[in-house]
Amino acid sequence: MIRLLSKQGIQTRAILTKAAEEFVTPLSVASLTGEKVFTELFDLTDEAEMGHIQLSRSADLVVVAPATADLMAKMATGQANDLATTALLATDKPVMIAPAMNVRMWNHPATQRNLKQLLEDGVQVVGPDDGDMACGEFGPGRLAEPDEIAEKILGFFSRKIEKTGPLKGRKIVVTAGPTHEPIDPVRYIANHSSGKQGYAIAEALRDLGADVTLVSGPTRLSEPEGVSVIQVEAAKDMLQATRQALPADVVICAAAVADWRVENGSDQKIKKKEGQLPALTLTENPDILATVSQKGEARPDLVIGFAAETQNIIENGKAKLAKKGCDWIIANDVSPETGTFGGDENSVIVLSSDGEDHWPKLSKKEVAISLALKIQDYFKGRN
Ligand code: CTP
């Protein structure tokens, strides 16, 4: 986070708590901030150089990252028994916290009470994110990603992260998640896609500087910072939103688009009738990947699809590459025993006119980063 901020021309001065010193040394932090790191409340040299009151006011914004349950409790009750909490109590500047703790600690009524108090006191909060935690549990409590915190800090100063990176200037559209095909206003047909792979791809491309539009079906994921997100429900809305996002250099169709929609859906809730079952007629949905892949002036340079298969992965993947007319197919095994659908890992084979590229089993984030780097390679040497 310090590195990201300093790249954007923001100067950081750090206070380390005793707990923080268990994870990082003052020296390593000082090498990032380029400034002395403050640790002790009653250090005479520190106090002579810059008293804790002056320290608390020397910045434009005070950020607590990570904010533990303990520190939040201290802030909420105004305790000041070390340098960090003293500076927080003495400051006349805005304060932002990025909480990080075990999911049960985060959900505990005491922490939630403290959070409410801090929000009432005008403290800004970023995160926590949902995810796997060091303690092996899953849920809200994970520290927001450094770029998310940096983005919020820059946003506070009404600035946006200036895009830099090898994909700077490249416009990339990513589709992600499932689609919901309505039966009536309260019912729909859906699938198990979580959207995680598509979201991770959007984030990895953003991190390489690309200008990313994410067309997302309904998911439980939070919208990534620094990406334009368009939320849609049904396949036909996804096609429309994708078309509107064109022209683009690259389109990646990672969504699990429903193949069929209900043709004889109802505008009103379908009521139960004794002895009668509603007969739903299905009709085919537009194929977004095939539509975007069609030859023409506006065709993106690179169109990438996924092939979710449960058998004959390579054969079916190659058939899809030919049928849809895209440039690369990321083929993956989604049979239930692999846990790919909704899970965090993926083993993929990249198919293209160059042949087959087998990747090892990777987390969805790693697949996303590898794909983003492969796209970067593709554009190397091109205008
Ligand atoms: N796709 C799409 N629009 C559709 C269906 C699929 O854009 N209406 C895209 C998906 O995003 C994916 C690729 O096509 O990139 C292949 O999706 P997949 O579900 O594996 O294949 P289908 O074309 O649906 O074929 P099948 O279900 O018969 O395997």
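Counting convention: from 1, in listed order, for ligands and their atoms alike.
Residue Lys324 approaches ligand 1 through these ligand atoms, each under 4.0 Å from one of its heavy atoms: 1 (N), 6 (C), 13 (C), 14 (O), 16 (C), 22 (P), 23 (O). Close approach to Cys253 involves these atoms of ligand 1, each under 4.0 Å from a residue heavy atom: 11 (O), 12 (C), 15 (O). Numbered from 1 in the order shown, with element, the atoms of ligand 1 that lie under 4.0 Å from a heavy atom of Ala308 read 20 (O). Less than 4.0 angstrom separates some heavy atom of Pro286 from each of these atoms of ligand 1: 3 (N), 4 (C), 8 (N). Each of the following atoms of ligand 1 lies closer than 4.0 Å to a heavy atom of Gly305: 15 (O).
Remark: minimum distance from atom 26 (P) of ligand 1 to any protein heavy atom is reached at Lys320 NZ, 3.9 Å. Scanning the protein for heavy atoms near atom 16 (C) of ligand 1, the closest one is Phe306 O, 2.8 Å. For atom 7 (O) of ligand 1, the closest non-hydrogen atom of the protein is Leu289 N, 2.8 Å. For atom 3 (N) of ligand 1, the closest heavy atom belonging to the protein is Ile288 N, 3.0 Å.
Aromatic ring pairs are classed by plane angle as parallel below 30°, tilted from 30° to 60° and perpendicular above 60°; the pair Trp328 and Tyr378 is perpendicular.
The side chain of Asp259, and not its backbone, has at least one atom closer than 4.0 Å to an atom of ligand 1 (non-hydrogen atoms only; side chain from C-beta on). If you look at Ala235 next to ligand 1, there are no close heavy atoms at all, none under 4.0 Å.
Under a 4.0 Å N-O distance rule, the pair Lys374/Asp377 does not qualify as a salt bridge. Salt bridge Asp327/Arg299: present, at least one basic N to carboxylate O contact under 4.0 Å. Ionic pairing of Lys116 and Glu120 is present here: one or more N-O contacts between side-chain nitrogen and carboxylate oxygen are shorter than 4.0 angstrom.
Judged by distance alone, with hydrogens and angles left aside, the side-chain atoms of Ser266 form no donor-acceptor pair with the main-chain N or O of Lys269 at under 3.5 Å. The backbone N or O of Lys93 sits less than 3.5 Å from a side-chain atom of Thr91, completing a donor-acceptor pair.
Under the 4.0 angstrom criterion, atom 28 (O) of ligand 1 counts as lacking any protein heavy-atom contact. Under the 4.0 Å distance rule, the nearest protein heavy atom to atom 19 (O) of ligand 1 falls outside the cut-off.
Heavy atoms of Ala256 come nearer than 4.0 angstrom to ligand 1 in no pair at all. Look at Met238 and you'll find every heavy atom at least 4.0 Å from all atoms of ligand 1.
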Starting from the C-alpha separation in whole Å, work towards a yes-or-no answer on salt bridge (charged side-chain N to carboxylate O under 4.0 Å, His left out) for Asp249 and Arg170. CA-CA 6 Å; Asp249 298 292; Arg170 298 279 173 203; 3.7 Å; yes
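Hydrophobic cluster membership is shared by Ile97 and Leu88, with clusters built from Ile, Leu, Val, Met, Phe, Trp and Tyr side chains linked at under 4.5 angstrom.
Taking only non-hydrogen atoms, the option from Ala255, Ala307, Ala290, Ser293 nearest to atom 10 (C) of ligand 1 is Ala255.
Considering CD1 of Ile329 and CD of Glu309, their distance stands at 8.5 Å, rounded to 0.5 Å.
By the 6.0 Å and 45° rule, Lys152 does not stack over the aromatic ring of Phe156.
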